[in-house]
Each structure stands twice: as structure tokens, then as C-alpha cells.
Amino acid sequence: MLSKAQSKHIRSLTQQKFRSMHRQFIAEGSKVALEWLHSDMPIDTIVATAEWHAANTHVIARHPEAAVHIASDDDLTALSALHTPSQVLLVLPYAAAKDVPNVNEWYLALDDIQDPGNMGTLIRIADWFGIRHLVCSPNCVDVYNPKVVQSAMGSHIRVNIYEAPLADALPALSAPKFAATLSGSDVYQAGTHESGVLIIGNESKGISPQVMALATHWVTIPRTGGAESLNAAVSAGILCALLLPR
């Protein structure tokens with residue numbers, strides 16, 4: 001059973017200021033929880049119904065460092081940040097802070113992405129394409145927001161996420177820098193590249209002029225229909241499919 005203080009602490013992690021203070025965040029849902037439980041990433045706390053716990057004791061045993069609490073459905077509903085709470089919730093530590101490395105690989109650089117669903121999907125896209133490094137500008141939505149974590153579906157485990165002003169971080173990277181912009185060149189003519197930085201801008205404002213000036217290539221997905229623009233995450237997925245080596 002969780003104490004009142006423990007329940008209050010977990011509920012507080014739905015707010016960014018308390019996540020930052022305690023350097024912890026929550027992950028909810030069986031599929032997301034099992035991603036973490038099957039990994040070697042540390043887990044602080046596991047809160048689960050008796051039924052879910054009994055069905056997953058073998059994988060819970062992989063994490064002796066975690067405090068395990070059995071809770072009722074009502075308890076989990078009270079703790080949940082989601083509209084439809086599930087049978088398990090994890091409390092997880094923030095990843096250790098790191099400097100952005102200069103390596104001959106692909107990066108995803110996000111300039112003030114605001115929508116949690118977009119951010120989670122972008123983390124998942126990076127994971128899908130094997131991009132290990134994702135750089136977020138300081139004004140991006142919190143990557144540990146519960147909706148981001150839910151949308152990323154465990155991809156936080158495999159993607160190194162850094163927060164840094166892009167104007168400082170990008171010049172230190174030797175890889176070519178591809179800005180996604182409506183005024184760019186046809187990406188179908190750009191070919192594939194062994195390394196690069198794909199820059200995705202804010203959902204409404206696009207890439208800031210300061211960051212755009214750092215790009216070595218401007219690319220666009222040619223439009224044949226009437227839509228004004230593409231969703232940021234959709235654009236990133238298409239561009240990754242066309243620019244990364246296959």
C-alpha cells in the first residue's frame with residue numbers, strides 16, 4: 001500500500017516543476033511499463049494492481065532496485081495523469097545530464113516544439129530510424145511530460161535527449177545540417193547521407209531565423225495537394241526516410 005505522502009509525491013510528478021525538483025517522472029500503461037522493465041534502465045517505483053503484478057512477477061524481478069506497491073484500480077486512477085488510467089505506473093529517474101557529442105551520426109534537432117503528442121512522436125521517430133541523439137531547445141515542451149512519455153512508447157530508453165540552445169549546440173556539430181522548410185529544395189533530390197542534423201521547427205512559427213542561418217541545406221517535401229503544411233512529426237518521419245541511408 002502507498003502512504004499518503006507517497007501518493008502525494010507521485011501525483012506531484014504530473015507537474016513540471018516537481019519533476020524538475022525531484023528529477024523523476026512517471027510512465028503509465030502496460031506496454032510502456034514493460035518496455036522499461038525489460039530494459040536495464042533504473043526504476044524507482046512500480047505501482048500496480050495485484051492482477052498485473054501477478055502476471056508480470058518474472059520481469060519485475062529484473063529490477064530489485066525498485067520499490068513495489070500493490071494498488072487498487074481507484075488508487076491508480078487517483079495517481080494517473082491520463083484520461084484512461086491503466087493497471088501499472090512507474091516512477092523513473094531522469095537520465096543523467098550529458099553534453100551533446102560531436103559524432104559521425106544523425107541527430108534530430110527540435111526548435112521550440114510545443115505539442116506533447118508531437119514531441120513523443122518525434123522521440124519515437126528518432127528511435128525508429130536509429131537516431132540516437134535528439135537535441136531540444138530550452139523552450140520545447142518538457143520531454144518528461146506524461147503525454148510525451150505515453151506518446152513515445154518507451155523510446156526514451158534508446159534515444160539520448162539533450163536540452164541546449166540550438167544556436168550554441170549546432171555549430172559544435174560537424175555533420176551537415178538540414179533545415180525542414182517550405183522554401184527549401186526538393187528533398188527527393190537531396191540523396192542520402194551517412195550523418196546529418198535534421199532541424200524541425202515550431203508547429204506554428206517554424207525554425208527561428210537564428211537557427212535557420214546555421215543550416216547547410218534547406219529541404220522541403222514537395223506539395224502536390226492543397227494542404228497548407230504538414231504536421232511537424234509527419235514531416236520529420238518523411239524526411240528521415242528520404243535522407244538517412246537505407
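Bear in mind the structure is a predicted one, so any value in this text is a computation, not a measurement. Positions are given from 1, in the same order as the sequence printed here.
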Should Asp75 and Ser72 be marked as a side-chain hydrogen bond (donor to acceptor under 3.5 Å, both in side chains) after you check the CA-CA gap, both sets of side-chain angles, and the distance that decides it? CA-CA 5 Å; Asp75 291 335; Ser72 67; 3.1 Å; yes
Nearest-0.5 Å distance, [atom1] of residue [X] to [atom2] of residue [Y]:
| X | Y | atom1 | atom2 | result |
| --- | --- | --- | --- | --- |
| Arg223 | Ile221 | CZ | CD1 | 11.5 Å |
| Ser39 | Arg62 | OG | CZ | 7.5 Å |
| Asp115 | Leu122 | CG | CG | 9.5 Å |
| Asp168 | Ser137 | CG | OG | 11.5 Å |
| Asn202 | Gln114 | CG | CD | 6.0 Å |
| Ile123 | Arg158 | CD1 | CZ | 11.5 Å |

Does [X] use its side chain to pair, donor to acceptor, with the backbone of [Y] at less than 3.5 Å?
| X | Y | value |
| --- | --- | --- |
| Ser20 | Lys17 | no |
| Asn56 | Val59 | no |
| Arg11 | Ala81 | no |
| Trp106 | His193 | yes |
| Asn102 | Ser174 | yes |
| Gln189 | Asp186 | no |
| Glu65 | Ile43 | yes |
| Thr216 | Pro176 | no |
| Lys31 | Gly29 | no |
| Thr220 | Gly184 | no |

Decide if atom [atom1] of [X] counts as having more than 12 heavy atoms of other residues, nucleotides or ligands within a radius under 6.0 Å.
| X | atom1 | value |
| --- | --- | --- |
| Lys98 | NZ | yes |
| Trp218 | CH2 | no |
| Glu51 | CD | no |

Tell me whether [X] shares a hydrophobic cluster with [Y], the cluster being built from Ile, Leu, Val, Met, Phe, Trp, Tyr side chains joined at under 4.5 Å.
| X | Y | answer |
| --- | --- | --- |
| Tyr162 | Leu110 | no |
| Tyr107 | Leu166 | yes |
| Met119 | Leu108 | yes |
| Val234 | Leu243 | yes |
| Leu90 | Leu2 | no |

Apply side-chain contact (heavy atoms from CB on, under 4.5 Å) to residues Leu13 and Tyr144 and explain how you reach the verdict. CA-CA 9 Å; Leu13 299 179; Tyr144 297 117; over 6 Å; no
Quick check: closest heavy atoms across [X] and [Y], and the distance to 0.1 Å?
| X | Y | value |
| --- | --- | --- |
| Thr121 | Ala233 | CG2-CB, 3.7 Å |
| Leu173 | Pro101 | CD2-O, 3.4 Å |
| Val88 | Ala33 | CG1-CB, 3.7 Å |
| Leu92 | Ala27 | CD1-CB, 3.7 Å |
| Leu76 | Ser86 | CD1-O, 3.6 Å |
| Ile207 | Ala180 | CD1-O, 3.5 Å |

Yes or no on side-chain contact (heavy atoms from CB on, under 4.5 Å) for Phe178 and Leu239, after CA distance, side-chain angles and deciding distance? CA-CA 10 Å; Phe178 297 83; Leu239 292 169; over 6 Å; no
Which is it for Ser30 and Gln87 under the side-chain hydrogen bond (donor to acceptor under 3.5 Å, both in side chains) test, yes or no, and what are the steps along the way? CA-CA 7 Å; Ser30 184; Gln87 293 185 303; over 6 Å; no
Determine whether [X] and [Y] make a side-chain contact, defined as any pair of heavy atoms from C-beta on separated by less than 4.5 Å.
| X | Y | result |
| --- | --- | --- |
| Ile161 | His156 | yes |
| Ile70 | Thr49 | no |
| Lys177 | Ile199 | yes |
| Leu79 | Ile26 | no |
| Leu242 | Tyr188 | yes |
| Arg19 | Asp142 | yes |
| His69 | Thr45 | yes |
| Trp52 | Ile60 | yes |

Is it the case that Glu194 and Asn104 place a side-chain donor and acceptor less than 3.5 Å from each other?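 On atom types as modelled, these side chains do not qualify, holding no pair under 3.5 Å.
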Before giving the answer on side-chain hydrogen bond (donor to acceptor under 3.5 Å, both in side chains), spell out for Gln16 and Asn145 the whole-Å C-alpha distance, their side-chain angles and the decisive distance to 0.1 Å. CA-CA 7 Å; Gln16 183 174 358; Asn145 178 301; over 6 Å; no
Tell me, with the steps shown, if Gln24 and Asp44 meet side-chain hydrogen bond (donor to acceptor under 3.5 Å, both in side chains). CA-CA 9 Å; Gln24 291 178 316; Asp44 290 336; 2.9 Å; yes
side-chain contact (heavy atoms from CB on, under 4.5 Å) for His217 and Ser185? Distances and angles first, verdict last. CA-CA 8 Å; His217 302 74; Ser185 301; over 6 Å; no
Would Asp112 and Lys205 count as a salt bridge (Lys or Arg N to Asp or Glu O under 4.0 Å) here? Give the steps. CA-CA 9 Å; Asp112 293 0; Lys205 298 178 182 178; over 6 Å; no
Check step by step if side-chain contact (heavy atoms from CB on, under 4.5 Å) holds for Leu37 and His63. CA-CA 7 Å; Leu37 287 164; His63 291 273; 3.9 Å; yes
Carefully, step by step, assess His9 and Phe18 under the rule ring pair (Phe, Tyr, Trp, His ring centres under 6.0 Å). CA-CA 9 Å; His9 171 68; Phe18 292 111; 8.8 Å; no
Checking Arg132 against Asp127 for the salt bridge (Lys or Arg N to Asp or Glu O under 4.0 Å) test, could you report, in this order, the C-alpha distance in whole Å, the side-chain angles of both residues, the deciding distance, and whether it holds? CA-CA 7 Å; Arg132 300 191 303 135; Asp127 188 18; over 6 Å; no
